[in-house]
Enquirer: 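My structure is below; once you've seen it, I'll send some questions.
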2 protein chains.
Amino acid sequence: MVKIKKEKSTEDKILAAAKKIFLKKGMAGARMQDIADEAGINKAMLHYYFRNKDKLFEVIFLDAAEKFFPKVNYIFEAEMPLFEKIEYFCDEYISILVENPYLPVFVLNEINRDLEGFLTNIWKKDRLPRPQKFLEQIEREIKRGTIKRISPVQLIMNLISMTIFPFVGRAMFQYNMNIDDMQFRMIMEQRKKEIPKFIIDSIKK
Amino acid sequence: MVKIKKEKSTEDKILAAAKKIFLKKGMAGARMQDIADEAGINKAMLHYYFRNKDKLFEVIFLDAAEKFFPKVNYIFEAEMPLFEKIEYFCDEYISILVENPYLPVFVLNEINRDLEGFLTNIWKKDRLPRPQKFLEQIEREIKRGTIKRISPVQLIMNLISMTIFPFVGRAMFQYNMNIDDMQFRMIMEQRKKEIPKFIIDSIKK
DNA sequence: GTCTATAATTTGATAGAC
DNA sequence: GTCTATCAAATTATAGAC
């Protein structure tokens with residue numbers, strides 16, 4: 001007989017709950033009890049499946065980093081004209097962040113907290129963004145004379161900053177510009193087109 | 001007799017230590033013992049001077065928020081031409097952040113962690129940014145025809161994002177672009193001019 | 001696999017001598 | 001004001017029955 005209700009396995013329930021709690025509270029602020037409650041199971045189960053808090057966190061963090069970064073490389077290293085690449089980057093990346101709005105502040109905060117730990121041990125080199133090709137592409141376009149002279153590093157910082165920061169400062173923006181969740185989502189949708197336009201208007205000759 | 005060595009009072013030593021530890025570890029991750037060790041004093045002293053961890057954190061957080069935000073209002077509400085204001089904002093704000101590079105990730109993270117708590121209780125309304133006047137100024141310039149049509153909210157998000165985000169994503173940028181502390185500082189100095197140029201090139205008619 | 005009960009550890013907070 | 005010693009609470013982790 002085919003199951004109608006797709007019952008999640010206990011492990012999946014734990015992972016979903018852990019993701020929610022860790023992303024909201026961070027590693028240090030999260031409580032194993034909160035995760036167990038959220039998953040609707042017993043605290044002992046967490047240890048049965050994931051041994052300890054560190055291990056559970058590692059799974060969640062790597063999964064989050066996986067979502068947060070690798071798409072970047074795919075886009076950065078694609079064979080595509082510069083302007084098109086900028087448009088593609090904003091569209092793809094904002095789509096991810098709209099679906100996972102707490103990702104940036106979570107990942108970036110944990111990295112800042114324990115740099116050595118993550119970068120040297122947990123984290124593999126190939127998970128990190130590799131902007132090299134993108135930087136070179138910008139330099140080529142400058143030499144070719146299709147865009148204005150600008151430091152490639154500055155340009156890439158502008159692009160990434162405008163794309164990610166609204167999600168980091170979301171609470172601040174929403175609170176003091178009186179923007180509700182629906183409006184925020186709409187503004188982010190607009191940014192998919194707005195950021196590329198803003199950049200291209202600035203650098204095109 | 002005049003003191004040559006300016007010996008810090010115990011309270012000042014605690015405040016300096018608490019600032020360092022809280023900014024690095026966050027509220028949840030910071031340990032009272034770490035703060036005591038950093039200050040070179042006993043743990044009991046912390047409670048003698050500040051009663052408990054919450055109170056001590058509150059002092060540090062409000063001080064940090066004070067540095068992080070109010071300058072914004074001063075600039076946002078100044079009587080000044082738009083382009084000049086954008087230049088002034090970047091210059092002033094990046095100067096603050098260069099001297100306090102951990103401020104943004106600390107403040108924004110804590111806000112995200114405990115929205116209701118801080119924003120409604122601890123935090124006074126008048127500490128938050130008030131972008132209203134700035135938004136209106138942008139609209140006026142658009143109607144006047146001096147700049148291109150652009151959503152004021154989008155423009156202000158771009159400005160703030162480009163200014164603050166490099167400090168939030170600093171670890172990421174430095175690690176995978178092979179940028180050392182000195183170079184980072186230099187790049188931020190350049191951004192004081194680079195961001196206004198980038199924006200003005202984009203929106204000027 | 002799942003639960004209850006409990007151990008072990010960490011950590012914020014206090015008591016009391018000096 | 002400052003310290004040592006200690007307590008109390010919170011939190012992670014495990015033992016053992018089912």
Enquirer: Mind checking A:Asn52 for me? I need base, sugar-phosphate or nothing, with any heavy atom below 4.0 Å counting as a touch.
Expert: sugar-phosphate
Enquirer: Contact class for B:Ala28 (heavy atom, under 4.0 Å): base, sugar-phosphate, or nothing?
Expert: nothing
Enquirer: Answer yes or no: is there an ion pair linking B:Lys24 with B:Glu38, defined by an N-O contact shorter than 4.0 Å?
Expert: no
Enquirer: Could you state the atom-to-atom distance from CD1 of B:Ile14 to P of C:dA13 in whole Å?
Expert: 14 Å
Enquirer: Applying a 4.0 Å non-hydrogen cut-off, can you work out what B:Ala30 is touching in the nucleic acid: base, sugar-phosphate, or nothing?
Expert: sugar-phosphate
Enquirer: When the distance from NZ of B:Lys13 to P of D:dT2 is rounded to whole Å, what number comes out?
Expert: 8 Å
Enquirer: Which of parallel (below 30°), tilted (30 to 60°) and perpendicular (above 60°) describes A:Phe134 and A:Phe76?
Expert: parallel
Enquirer: What are the two closest non-hydrogen atoms of A:Asn52 and A:Met32, and how far apart are they?
Expert: C-CE, 4.3 Å
Enquirer: Would you mind telling me which residue lines up with the more 5' stretch of DNA chain D, A:Ala44 or B:Lys43, judged by nearest nucleotide?
Expert: B:Lys43
Enquirer: At less than 4.0 Å, is any side-chain N or O atom of A:Arg51 found next to OP1 or OP2 of D:dA13? Yes or no.
Expert: no
Enquirer: Rounding to a whole Å, what distance do you find between A:Lys53:NZ and D:dA13:C1'?
Expert: 12 Å
Enquirer: Categorize B:Tyr49 for me: base, sugar-phosphate, or nothing, with a 4.0 angstrom heavy-atom threshold over every strand shown.
Expert: sugar-phosphate
Enquirer: In whole angstrom, what separates B:Asp54's CG from C:dG12's P?
Expert: 11 Å
Enquirer: Figure out the OH/P separation between B:Tyr48 and D:dT4, and round it to whole Å.
Expert: 17 Å
Enquirer: Contact class for B:Met32 (heavy atom, under 4.0 Å): base, sugar-phosphate, or nothing?
Expert: sugar-phosphate
Enquirer: Closest heavy-atom contact between A:Lys192 and A:Asp91?
Expert: CE-O, 3.8 Å
Enquirer: Is it true that A:Asp181 and A:Arg170 make a salt bridge, defined as a side-chain N closer than 4.0 Å to a carboxylate O?
Expert: yes
Enquirer: Give a yes/no answer on whether the side chain of B:His47 brings an N or O atom under 4.0 Å of OP1 or OP2 in C:dT14.
Expert: no
Enquirer: Take the protein atom CG of B:Asn42 and the nucleotide atom C1' of D:dA5, then report the distance between them rounded to whole Å.
Expert: 10 Å
Enquirer: In this structure, how many angstroms lie between the C1' atom of C:dA15 and the CE atom of B:Met45, rounded?
Expert: 13 Å
Enquirer: Could you state the atom-to-atom distance from NZ of B:Lys8 to C1' of D:dG1 in whole Å?
Expert: 19 Å
